[in-house]
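Lettering of chains follows the sequences in order, A, B, ..., and the numbering in each one begins at 1.
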There are 2 protein chains.
Amino acid sequence: MQKEVTIYDLARELNLSPATISRGLKKSTALNKSTVQRILAKAEEMGYRHNNFASNLRNKRTKTLGIIVPRLNSYFMTSVLAGMEDVASKEGYDLIISQSLEKSELEKSNANTMFNKRIDGLLISLAYNTTDLTHIQPFFDRQIPVVFFDRSFPGVESTSVVIDNYQAAYKATAHLLEQGCRKIMHLTGDLTRDIYADRLKGYKDALDEYNIPFDQKRVVTSTLNEQDATNFANAILAMDRAQRPDAVFCANDVSAVYCMVQLKQHGIRIPDDIAFVGFNNDAVSRMIEPNLTTIDYPGNKIGEVAVSCLINLLKGDENVKNTNRIILHSSLLVRGSSLKKK
Amino acid sequence: MQKEVTIYDLARELNLSPATISRGLKKSTALNKSTVQRILAKAEEMGYRHNNFASNLRNKRTKTLGIIVPRLNSYFMTSVLAGMEDVASKEGYDLIISQSLEKSELEKSNANTMFNKRIDGLLISLAYNTTDLTHIQPFFDRQIPVVFFDRSFPGVESTSVVIDNYQAAYKATAHLLEQGCRKIMHLTGDLTRDIYADRLKGYKDALDEYNIPFDQKRVVTSTLNEQDATNFANAILAMDRAQRPDAVFCANDVSAVYCMVQLKQHGIRIPDDIAFVGFNNDAVSRMIEPNLTTIDYPGNKIGEVAVSCLINLLKGDENVKNTNRIILHSSLLVRGSSLKKK
DNA sequence: TTGTATGCGTTATCAC
DNA sequence: GTGATAACGCATACAA
C-alpha cells in the first residue's frame, strides 16, 4: 500500500495550514484566488485524492444513496439506473444498488442493510407483494428522505415519481376498441401495486366510454412471468369461440410476448384473431412477430427526476417536501400486434 | 438528525472502556464470553450501528468493491451481479456498480472514478472496443487487486474468471454439422475481445474436424446489436441460393433472434432453410419461434467465483495470486432452431 | 482479560 | 485571509 497524500502534506509543501488547504480544495471564496490556484496545482502535482471517509466521519453524511429495485433485467430498469447514476454522480453521490427479486422479504432485508450502511437517502420501487411499509419506517423515523419511483404505495407521505398508469391503460384499451375489438381481456399483476390497480381502472373506464360492460372474468391477475403468461394463453385456447377474446391488453411486454408465442403455436393469428397490446416498450416487443404495440415511457427521465428530487430533499428544499407525486409522460407505440386490417 | 449510539455510550452504560466495547462488538476471543454477551446485548438494546467511516478511516480500507460491466440489461449480467452481491455481502463488502455501455471512453472514466473512491478491489468485464489497459494501470501500480470476468484481456497478469469459449463454440458448430449443415456462417463481435476470438477459433476447428474448408466470407464481425443483426439477415437474403448458408452460429442470443425475425419475415424457414445457434441462454431465446438453441453458462457462479477470488487476493492469498484463469463449465442447450427434421 | 492513549484525514469554530 | 484546535467514531499498540 502506497502512502496517500493528505492535506498536511500539501500544507507542508506550500507553507500553509491544513485548514487553508481544506478550504482551497473546495474553492472557498474566502481565500485569495491565487492561493486557491496554488493549492489546486500542488494537489494535482502530488496526486492528492480526497478522503471520503474522514470527510464523511466529520460531516456525518455518507454521500451515498440506496436504490432498491425489483429486478435489474429489463431495459426500463437499466434506463432508470442510467438516469439516476447520471444525476447522482454529478452531485457527488455514490449509489448502492440492490434487487428485491419481487420478494417482499428480500426487500425488507435490503432496506435494513441500507439503513445500517447509513445511506443519506433511499430510492425504491416496490416488490410485487409488499403490502406494508414497516421496513421503511426506520428511514421515516430518522427523517432520512425516501423517494418512490414507478411502483409506489398508496397514501404514502413521501414523494413518488411515476407515470400516469391510468391514462396509459386508457389509451391502450381505447386503441383496441378503435380497432374494432369488443372482447378485450386484461392480464395484470398484483393489484396491491398501485400501478396495476391504476391500469385496471384505465381499462375499465375505456370500456365504459365505449359502452362495453365490464366483465370480471376478462381480468386475470398473475405474476406476469413466463409460466403465468403461458397458462393464461392456455386458458384462452380452452375457451369456446364465443367466449374467446378478440384482444388482450397485458400489463407488461414480457407476459404479452410469452402469451403470443403460446397462442401462435396453436394456430391463433395475431392480430387477426386476437390483437395484443403490452406495456413498457421492452426490447422483446420488437422481437416478436408481429411486433408488439406497447406503452413507452422514459426510464432515464424517471431516474433523473427521482434522484434530483431526493437530492433536493437532502438540501432541505421545502417545495419538494410538499410534492406528493411527480407524473411523467408516456405514449402509445402502435405496432403490428394490434393493427387490424380494414 | 437523531444522535447515533457510539461505543463510548455503550462503554459508559456498561462501565467498560471503549476499547473493550470495540473488541466485544467483533466477538474477540480475548474477551470473557460473558462480557461479549453483555456488550452485544446492550448494543442491540441501545440500537447501536457500526460506523463504517470511522472504521474505514482507521483501517485504511473501504470495504467496497467496484464493478464495471458493459451493460446491466441481460439475464446473464443480472445473474453475475446477484452472485457477486451474495458473496460480497457475506464478507461484508459493499459494491459500486457502473456500466461502460460498451464504450471504452466511459469505461476509462468509470475506472478513474472508482480509483478515486478508493475501492479495495475491481471487478471488470471489458467493453467491446477496449484495446489497452492504461486505465487499469493505476490499480496495478497501487497493488489494488483486479479480477476480470467474462470478457478478459489477452496476456494480462490479473486473474480472469471465464468460460471456455473455444470449447463452447466448438460444440455449437459441431452440433450444426451433425445436423447436416455444411454452409455455416458465424456472426461475431469485435475480435479484439478474446471471447469472440476464441469462439471464432472453436468454430474454425469444428469445421476443420469435419473437413469443411474455412471461408473468411462466412464470418461477419459486428456489434451484435439489433441493427447489425438485421443488416446481416438482409445480406443473407441478398445472396443467391448457392451462396446462402444452411446454418448460422451467432455469438449472442439477441443478434440471433433479431436475425431470425428478419429472415422469417422474408419467408425463410427455420431450421429447415437455415438452422440457428446462439450464445448466452438469454430469456429471448425462449421467446422466438422456434426456440433458439444456445450455450448456457452460469452467471451466478461466475459472479461468486470472481468475488471470492478478489477477496482472497485482498487477504493476500498467494495461490490465487498465481492463478491466471479460472474456467467454468458451459453447456449446449439444443432447441428447435437447430433441429433438422430427419 | 481489560484499560489508556493515540492517530486515521477532514472540517467547523474560533481566533488573529 | 489565514491559522490553531478540537471533534467525528473506531481500532490498535502498549500497559496493567
Side-chain angles (χ1 to χ4, degrees), chain A residues 1-40 42-43 46-64 92 94 115-120 142, chain B residues 1-40 42-43 46-64 92 94 115-120 142:
Chain A
M1 192 70 168
Q2 224 161 311
K3 245 194 299 295
E4 294 281 350
V5 179
T6 73
I7 55 172
Y8 291 101
D9 300 321
L10 295 175
R12 196 170 356 87
E13 291 285 320
L14 292 170
N15 282 317
L16 288 167
S17 76
T20 304
I21 304 295
S22 176
R23 293 183 185 112
L25 255 13
K26 28 181 50 180
K27 305 183 181 137
S28 160
T29 50
L31 256 57
N32 247 334
K33 266 197 173 178
S34 65
T35 314
V36 174
Q37 282 315 310
R38 277 170 60 221
I39 292 172
L40 259 24
K42 199 63 169 183
M46 295 182 69
Y48 168 82
R49 298 197 287 168
H50 179 80
N51 187 320
N52 280 310
F53 307 99
S55 173
N56 290 342
L57 177 58
R58 183 60 230 238
N59 290 324
K60 300 185 159 227
R61 284 182 294 109
T62 63
K63 276 286 191 175
T64 300
D94 269 350
F115 181 67
N116 284 323
K117 291 203 190 306
R118 308 186 186 206
I119 54 172
D120 286 345
R142 293 220 188 209
Chain B
M1 191 69 168
Q2 224 160 313
K3 244 195 300 296
E4 293 282 350
V5 179
T6 73
I7 55 173
Y8 293 100
D9 299 322
L10 295 175
R12 198 170 353 90
E13 292 285 320
L14 291 169
N15 282 318
L16 288 169
S17 77
T20 304
I21 304 295
S22 176
R23 293 182 185 112
L25 255 13
K26 30 180 48 182
K27 305 182 180 140
S28 162
T29 50
L31 256 59
N32 246 333
K33 267 198 173 178
S34 65
T35 314
V36 173
Q37 282 315 310
R38 278 171 58 221
I39 292 173
L40 259 25
K42 200 63 170 181
M46 297 182 68
Y48 169 82
R49 298 197 287 166
H50 179 81
N51 187 319
N52 280 309
F53 306 99
S55 172
N56 290 341
L57 178 58
R58 180 63 229 241
N59 290 323
K60 300 186 158 228
R61 282 181 295 107
T62 63
K63 276 284 191 175
T64 300
D94 270 349
F115 180 67
N116 284 323
K117 290 204 190 304
R118 308 189 188 204
I119 54 172
D120 286 345
R142 293 221 188 207

Legend entry - Nucleotide dG9(D), atom P - distance to CZ of R12(B) in whole Å: 12 Å
Legend entry - Rounded interatomic separation in angstrom, taking CD from Q37(A) and P from dG1(D): 16 Å
Legend entry - Minimum side-chain heavy-atom gap T6(B)-N51(B) below 4.5 Å: no
Inset, instruction - May I ask you to evaluate whether S22(B) reaches the phosphate of dA11(D), defined as a side-chain N or O under 4.0 Å from OP1 or OP2? - result: yes
Legend entry - Gap between atoms NE2 and P, on H50(B) and dC8(D) respectively (whole Å): 17 Å
Inset, instruction - Using a cut-off of strictly less than 4.0 Å, decide whether S55(A) has a side-chain nitrogen or oxygen near OP1 or OP2 of dG9(C). - result: no
Check nucleotides 2-6 of chain C against the protein and report each pair of N or O atoms closer than 3.5 Å, with its distance, or say if there are none.
from: dT2(C); atom 1: OP1; to: T35(B); atom 2: OG1; distance (Å): 2.9
from: dT2(C); atom 1: OP2; to: N32(B); atom 2: N; distance (Å): 3.0
from: dT2(C); atom 1: OP2; to: T35(B); atom 2: OG1; distance (Å): 3.4
from: dG3(C); atom 1: OP2; to: S17(B); atom 2: N; distance (Å): 2.9
from: dG3(C); atom 1: OP2; to: S17(B); atom 2: OG; distance (Å): 3.2
from: dG3(C); atom 1: OP2; to: T20(B); atom 2: OG1; distance (Å): 2.4
from: dG3(C); atom 1: N7; to: R23(B); atom 2: NH1; distance (Å): 3.2
from: dG3(C); atom 1: O6; to: R23(B); atom 2: NH2; distance (Å): 2.4

Legend entry - Between dT10(C) (C1') and R118(B) (CZ): distance, integer Å: 11 Å
Legend entry - Heavy-atom side-chain contact between R118(A) and E4(B) under 4.5 Å: yes
Legend entry - D120(B) CG to K63(B) NZ distance, which is reported to the nearest 0.5 Å: 8.0 Å
Inset, instruction - Specify the separation, in whole Å, of atom CZ of R61(B) and atom P of dG9(C). - result: 15 Å
Could you go through residues 25-34 of chain B and list every donor-acceptor pair under 3.5 Å that involves a side-chain atom there, pairing it with any protein atom two or more places apart or in another chain?
from: S28(B); atom 1: OG; to: A30(B); atom 2: N; distance (Å): 3.1

Legend entry - Euclidean distance, I7(B) CD1 relative to Y48(B) OH, rounded to 0.5 Å: 6.0 Å
Inset, instruction - Provide, to the nearest angstrom, the distance between the CZ atom belonging to R49(A) and the C1' atom belonging to dC8(C). - result: 15 Å
Inset, instruction - Quickly work out the N59(B) CG to dG9(C) P distance and round it to whole Å. - result: 12 Å
Inset, instruction - Looking only at non-hydrogen atoms, find the nearest pair between N116(A) and R49(B) and report the distance. - result: OD1-CD, 3.4 Å
Legend entry - Between dC8(C) (P) and N56(A) (CG): distance, integer Å: 18 Å
Inset, instruction - Verify the contact: side-chain N or O of K60(A) to OP1 or OP2 of dG9(D), cut-off strictly under 4.0 Å; return yes or no. - result: yes
Legend entry - Heavy-atom check, side chain of T64(B) versus side chain of K117(B), under 4.5 Å: no
